[in-house]
Each structure stands twice: as structure tokens, then as C-alpha cells.
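Notes to accompany the following structure.
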2 protein chains.
Amino acid sequence: MKKFPEKATHGVQLIADAVPLVNTYPKVPLTIDCVIFGFEENKLKVLLIKSDLAIYEGKLSLLGDFLRDNEELDDAAYRILKERTGMTDVFLEQVKVFGRPNRHPGGRVITIAYCSLLNIQHHELKIHDNDLNWYSLTNLKDMAFDHKEIVDSCYHWLQESIQEHPLGFKLLPHKFALRELQNLYEAILGVSLDRRNFRKKFASMDLLIDTQEMEQDVSHRPGKLYKFNFEKYEKNKRKWIGIDF
Amino acid sequence: MKKFPEKATHGVQLIADAVPLVNTYPKVPLTIDCVIFGFEENKLKVLLIKSDLAIYEGKLSLLGDFLRDNEELDDAAYRILKERTGMTDVFLEQVKVFGRPNRHPGGRVITIAYCSLLNIQHHELKIHDNDLNWYSLTNLKDMAFDHKEIVDSCYHWLQESIQEHPLGFKLLPHKFALRELQNLYEAILGVSLDRRNFRKKFASMDLLIDTQEMEQDVSHRPGKLYKFNFEKYEKNKRKWIGIDF
DNA sequence: GTTTATATTGTAAAATTCACACATTTCAAA
DNA sequence: TTTGAAATGTGTGAATTTTACAATATAAAC
């Protein structure tokens with residue numbers, strides 16, 4: 001037995017089958033924009049393209065595209081990433097929606113910002129055919145659309161996240177030296193840390209696997225290479241951290 | 001001097017003015033859903049309505065609506081909240097977008113989930129005219145659409161957030177007793193905490209203002225009432241918390 | 001005034017954080 | 001091969017924070 005409700009959900013008419021007629025709903029253009037971070041030369045970098053819009057001539061833009069029919073949100077972000085970098089198996093997380101009515105000069109477009117963390121060395125960038133390139137986060141001028149705001153927002157998200165979750169490793173090679181790890185934290189957080197305490201901190205976590213290998217091709221004493229034990233981390237992850245603000 | 005790019009942004013045609021024709025873009029229905037939390041009888045509650053869709057008869061649903069033309073995302077969430085609760089000046093934050101292609105039985109609808117924290121006592125709920133009501137989070141069965149998943153997601157967000165940010169106070173009266181605060185943390189996190197250590201923790205933060213008032217209408221020794229010093233918190237908020245995972 | 005229920009408070013042990021300096025290893029250049 | 005440069009790797013004590021734990025005080029209800 002099906003019932004006809006008096007008021008329709010969201011104020012839209014229903015059909016006899018009691019399923020809302022979605023095609024009568026108001027619609028809006030929706031895109032996904034990817035903030036792809038990498039770490040190189042001890043600097044946090046973001047993967048950008050030169051805007052192909054004349055009104056944004058010379059300005060930098062995020063990699064984005066429309067969400068396709070029947071496409072999962074995460075899949076769309078993943079598709080954009082793969083199209084541009086050729087990489088699969090990359091960390092990706094939804095960060096925030098940006099929907100200011102005037103954020104797009106041609107009319108309203110809502111965008112979902114995804115943040116992606118990858119290791120620049122691990123992949124072959126197809127920079128050849130266009131202006132796709134890595135840019136230092138520090139000297140980013142204004143960008144196309146509200147993309148600067150989106151980047152800032154994702155950067156802030158990253159700063160918080162690497163303190164609470166083991167995400168920094170996604171930016172490093174699988175095998176990394178402790179000095180690289182510390183450089184990464186110092187660069188992203190903009191602080192300087194004591195080397196001994198930093199190492200003790202990670203040693204006490206007992207989540208680093210000694211690969212028994214050493215750095216290669218460094219012009220000084222090479223450091224030991226470690227891997228992060230994601231499995232063990234996931235297994236022992238605790239819920240209660242503590243009140244701390 | 002304006003240029004005609006060879007490839008249009010997002011694969012959509014441009015006009016002579018070099019501004020994309022947004023009205024040629026693919027579009028999708030977009031809603032905002034509000035997960036409104038309250039705290040009552042030492043339980044975390046969420047404000048829900050009975051679904052008015054026949055296929056979801058008897059199931060509970062979040063409060064939501066379509067995003068309007070030229071409406072800011074936050075404003076839309078705020079509008080929904082105000083329409084339903086009459087409250088203004090309420091904490092509200094975007095949490096996550098849900099866009100599974102089949103999440104809506106009538107066709108694709110994307111929704112942006114907002115989380116809102118308010119004090120149940122502070123407001124007069126207009127429950128009279130419909131089935132709007134507070135429900136305990138603990139015994140929530142399956143809900144309309146993917147709303148259970150959305151609630152779970154916001155609950156998890158809340159559990160993490162109250163440990164890192166002073167959001168729990170939004171759920172309490174402006175003036176509260178320490179026991180109420182502890183009950184709130186215990187209920188939301190599902191842990192039990194030592195009373196003395198809990199109080200010492202907050203005392204050491206030095207962010208509680210002693211109102212010099214006491215609880216009223218309790219059938220036992222009343223506790224002191226405190227206010228949280230949001231101003232001082234904002235002023236001294238530190239960026240570096242520490243690596244901890 | 002007795003009971004009941006909760007508020008309030010302190011201390012010692014353990015764990016964690018923090019500040020701080022020197023010897024070692026490798027590479028590169030002389 | 002010697003030497004200098006540069007980065008690795010490590011330990012300790014002080015300070016701070018966390019944790020575990022129990023007795024007294026206060027107000028309301030009877």
C-alpha cells in the first residue's frame with residue numbers, strides 16, 4: 001500500500017509510484033577540482049595548469065572536470081588525476097565544496113575540491129603537451145576562479161591532517177630517510193623541529209620498518225631507509241586521542 | 001587582447017567574450033542536508049523528520065532542501081535550520097558531499113551534508129505541525145535515502161572534532177556545570193573519564209570563566225556554572241599541536 | 001538531623017615532552 | 001691517503017603532562 005503524502009519532499013511533485021520526479025528538480029553545474037600535492041626539493045608543490053580561459057590568461061588553474069552521469073564522486077577525482085598524471089593507486093580525499101554564486105565568471109558552477117597526495121618521483125608526468133607543471137606553494141599568485149582559495153583551504157587541511165594521520169608518507173618515496181620525513185614536516189608546517197626528539201617520536205611509535213637499505217647518490221653520509229607500516233597502524237589505530245585544544 | 005584557446009575548459013565551448021557558456025554545462029540536482037545535533041538527558045540526539053515519501057514510509061529523514069539560485073552554501077544550510085528550528089546564531093559546518101549515483105530512488109541527486117550543533121534548551125522547537133523530533137543516536141534504525149550513512153559520517157566527524165576543537169560547548173547551555181561537560185564527552189565519545197583528571201584538564205586550559213552562579217533546580221548539591229571563553233581561545237589558538245597518531 | 005546524592009579537591013607515580021652536544025660515517029676534494 | 005665538510009645517529013636530565021586513586025564538603029530531600 002502506497003500513500004500520497006500531502007507535502008512533497010523538498011517541495012517537488014511526486015508521481016503515482018511515490019518516487020519523486022527527479023528530472024523536475026532544479027539543477028546546477030557541478031565540477032570536481034583536484035589539488036594535487038607533491039614534495040620536491042624540500043618544498044611542498046602543487047600540480048597546476050595554465051588556464052585556457054582568455055579572461056584568466058596567464059593565470060594558473062587546478063585540474064578539474066565535470067562530474068559525469070553515473071560517476072561516483074571519488075571516481076571522478078580519480079579519473080581526473082589519472083588522465084593528467086597517469087598515476088593510479090594514489091591517495092585522494094574530499095575536502096570541501098566551493099559554491100559561491102559568482103565564483104565562475106560565466107554563471108554558477110559548484111565545485112567539490114579533492115586533495116591528492118603523491119610522490120613526484122614515483123610517476124612520469126606528461127608535461128610535454130601542455131602547461132601542466134609543479135608549482136611551489138609559497139609563491140603562488142592569484143589564480144583562475146577561486147582556485148587560490150581552494151588551494152589555501154587544502155593546504156590548511158593538509159597541515160592539520162599530517163599531525164593527526166600518517167599522510168605525510170604519501171608524499172615521500174616508499175622508502176625514505178628520517179631526514180626527508182623531518183624536512184617534509186618542517187616544510188609543510190613551517191616550523192623547525194629538534195632532530196633527536198623528532199626521531200625519538202617516530203621510533204617510539206614503532207611504525208617504521210627498517211629496510212636495511214641506505215640512501216643512494218647523496219653527497220654525504222647516507223641515512224637509513226625506512227618504510228611506514230600502514231597495516232600495523234590501521235590495526236592499532238585508537239579512537240580516543242584526548243581532549244587537546 | 002583576448003585569445004581563443006584551442007581547448008575549452010572542461011571541454012565546453014567558449015563564446016567570443018572568452019567566458020564559458022555556463023548554461024551549456026551538464027547539470028545535476030543539488031541539495032543540502034542538515035545533521036542537527038543536540039544533547040539532552042545525557043544523550044546525543046539528532047533532529048529528524050518522518051520521510052514524506054511513500055517508499056520511505058515510516059522511515060526517518062534529515063532536514064534538507066534544494067540549494068537556491070544565487071544562494072551561498074552556508075546560507076542554504078542556515079536557512080534550512082532556521083525554517084525548522086526558528087534558531088539563528090547556530091554553529092554550522094560543512095562536512096561532506098554524498099553523491100552515490102543511486103542514493104536517490106528517483107534519479108541522481110547530490111547532497112552536501114552540514115553538521116549543526118545547538119543547545120536544545122535554548123530554542124523552542126515547532127514540533128506541533130509535523131513529525132519533527134529529536135532522536136537518540138544510539139537506536140537509529142535505517143533511514144530514508146542514505147541518511148543513516150550521512151548521520152554516521154557526521155557523528156564520526158563530531159567525535160574527532162570535539163577532541164581537537166571546543167565544539168562541545170555549542171551543545172550545552174551558555175552556562176554549564178563541569179559534570180554536564182563531562183557527561184557530554186563521555187556520551188559522545190563512548191568512554192568513561194576520571195572526574196578529577198577531567199576537571200584538572202579544563203582548569204589547566206584556563207578557558208573556563210567562573211560565572212559565580214550555581215546550578216538551579218537540582219535535587220542535590222549544585223555545581224558551579226562556567227562559561228567557555230571563546231574569545232581567549234581564538235586569540236591564543238596555536239597552530240602546532242604535535243605529531244600524534 | 002539524618003540520609004542521599006553529587007561537588008570538590010590533592011598527591012605520588014609514570015609517561016611524555018623538551019632542551020641540549022658530541023662522536024660517527026660517508027663523500028669529495030686536496 | 002689525508003683532511004674537511006656535511007649530515008647521520010644517539011643519551012640524559014629537567015620539566016611537564018598524564019594517570020591512577022579516595023576522602024571530605026555541601027546542598028537538597030525527607
Side-chain angles (χ1 to χ4, degrees), chain A residues 39 41-43 162-164 172-173 175-187 189 191-228 236 238-245, chain B residues 39 41-42 162-164 166 172-173 175-187 189 191-228 236 238-245:
Chain A
F39 188 67
E41 298 162 336
N42 290 339
K43 287 181 186 308
I162 62 168
Q163 298 186 57
E164 304 290 332
L172 293 177
K175 300 173 183 179
F176 53 86
L178 285 174
R179 179 69 202 176
E180 297 180 272
L181 186 61
Q182 185 176 344
N183 284 341
L184 183 139
Y185 272 92
E186 292 183 334
L189 296 173
V191 297
S192 79
L193 303 169
D194 179 84
R195 191 165 69 246
R196 282 162 294 191
N197 293 334
F198 182 85
R199 294 163 98 97
K200 250 180 303 179
K201 179 76 194 175
F202 277 93
S204 74
M205 287 182 199
D206 204 28
L207 290 171
L208 294 183
I209 301 167
D210 186 339
T211 66
Q212 311 284 12
E213 297 174 58
M214 307 292 275
E215 284 181 289
Q216 303 290 333
D217 306 322
V218 287
S219 67
H220 54 267
R221 173 179 178 182
K224 282 188 181 181
L225 293 177
Y226 294 89
K227 291 194 293 188
F228 184 75
N236 303 344
R238 72 224 139 113
K239 177 181 173 179
W240 164 255
I241 304 281
I243 300 166
D244 195 19
F245 51 80
Chain B
F39 188 67
E41 296 162 339
N42 289 340
I162 62 167
Q163 298 186 59
E164 303 291 332
L172 293 176
K175 299 173 184 178
F176 53 87
L178 284 174
R179 178 71 202 176
E180 297 180 271
L181 186 63
Q182 185 175 345
N183 284 341
L184 183 139
Y185 272 92
E186 291 183 334
L189 296 173
V191 296
S192 79
L193 303 169
D194 180 84
R195 194 162 67 244
R196 282 163 292 190
N197 293 335
F198 182 86
R199 296 163 96 98
K200 249 181 302 180
K201 179 75 192 174
F202 278 92
S204 75
M205 288 182 198
D206 203 28
L207 289 171
L208 294 183
I209 301 167
D210 185 339
T211 66
Q212 310 286 11
E213 296 174 58
M214 309 290 274
E215 283 181 291
Q216 303 291 332
D217 305 321
V218 286
S219 68
H220 55 268
R221 174 179 177 185
K224 282 187 182 180
L225 293 176
Y226 295 88
K227 290 193 295 186
F228 184 76
N236 302 346
R238 71 226 140 115
K239 176 181 173 180
W240 165 256
I241 304 282
I243 300 165
D244 195 21
F245 51 81

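Order of the sequence lines fixes the chain letters, A, B, ..., with proteins taken first and strands second; residue numbering starts at 1 for each chain. Nothing here was measured: the structure is a model prediction, and the numbers come from that model.
Side-chain atoms of Gln163(A) come within 3.5 Å of backbone N or O of Gly242(B) as a donor-acceptor pair. The main-chain N or O of Leu178(B) is never found under 3.5 Å from a side-chain atom of Lys224(B) such that the two would form a donor-acceptor pair. Listed for the Gln182(B) side chain is no donor-acceptor partner under 3.5 Å among the backbone atoms of Arg179(B).
The nearest whole Å value for the distance from the CD1 atom in Ile241(A) to the P atom in dT18(D) is 13 Å. Rounded to whole Å, the distance from CG on Asp194(A) to C1' on dA15(D) is 15 Å. Here the C1' atom of nucleotide dT18(D) and the CG atom of Asp244(B) are 13 Å apart, to the nearest Å. Glu180(A) places its CD atom 13 Å from the C1' atom of dT8(D), with the value rounded to the nearest Å. Atom OH of Tyr226(A) and atom P of dT8(D) are 11 Å apart (whole Å). Per the geometry, NZ belonging to Lys201(B) stands 19 Å off C1' belonging to dT9(C), to the nearest Å. Atom CZ in Phe245(A) sits roughly 16 Å away from atom P in dT17(D) (whole-Å rounding). Whole-Å rounding puts the Leu181(B) CG to dT6(C) C1' distance at 16 Å.
Backbone-only contact: Lys224(B) has heavy atoms under 4.0 Å from sugar-phosphate atoms and none from a base. Residue contacts shown for Lys200(A) include a base, since a base heavy atom lies under 4.0 Å away. Using a 4.0 Å heavy-atom criterion, one finds that Arg179(B) contacts the sugar-phosphate atoms exclusively.
Ring geometry for Phe228(B) against Phe245(A) counts as perpendicular: the plane angle is over 60°, on a 0 to 90° scale with 30° as the lower cut.
Here Lys227(A) pairs with nothing under the salt bridge (charged side-chain N to carboxylate O under 4.0 Å, His left out) rule; sequence neighbours left out.
Along DNA chain C, the nucleotide nearest Asn197(A) and the nucleotide nearest Arg199(B) are compared for position; the residue whose nucleotide lies closer to the 5' end is Arg199(B). Taking the nucleotide of DNA chain D with the nearest heavy atom to each of Arg196(A) and Ile243(A), the more 5' of the two is matched to Arg196(A).
Within residues 205-221 of chain A, the residues having any heavy atom closer than 4.0 Å to DNA chain D are, in order of number, His220(A), Arg221(A).
Annotation: side chain of Ile243(A) is in contact with side chain of Phe198(B) (closest heavy-atom distance under 4.5 Å).
Residue Arg195(A) places its side chain closer to dT10(D) than to any other of dT26(C), dC21(D), dT10(D).
Of all non-hydrogen atoms in Thr211(B) and Leu225(B), the two that sit nearest each other are OG1-O, 2.7 Å.
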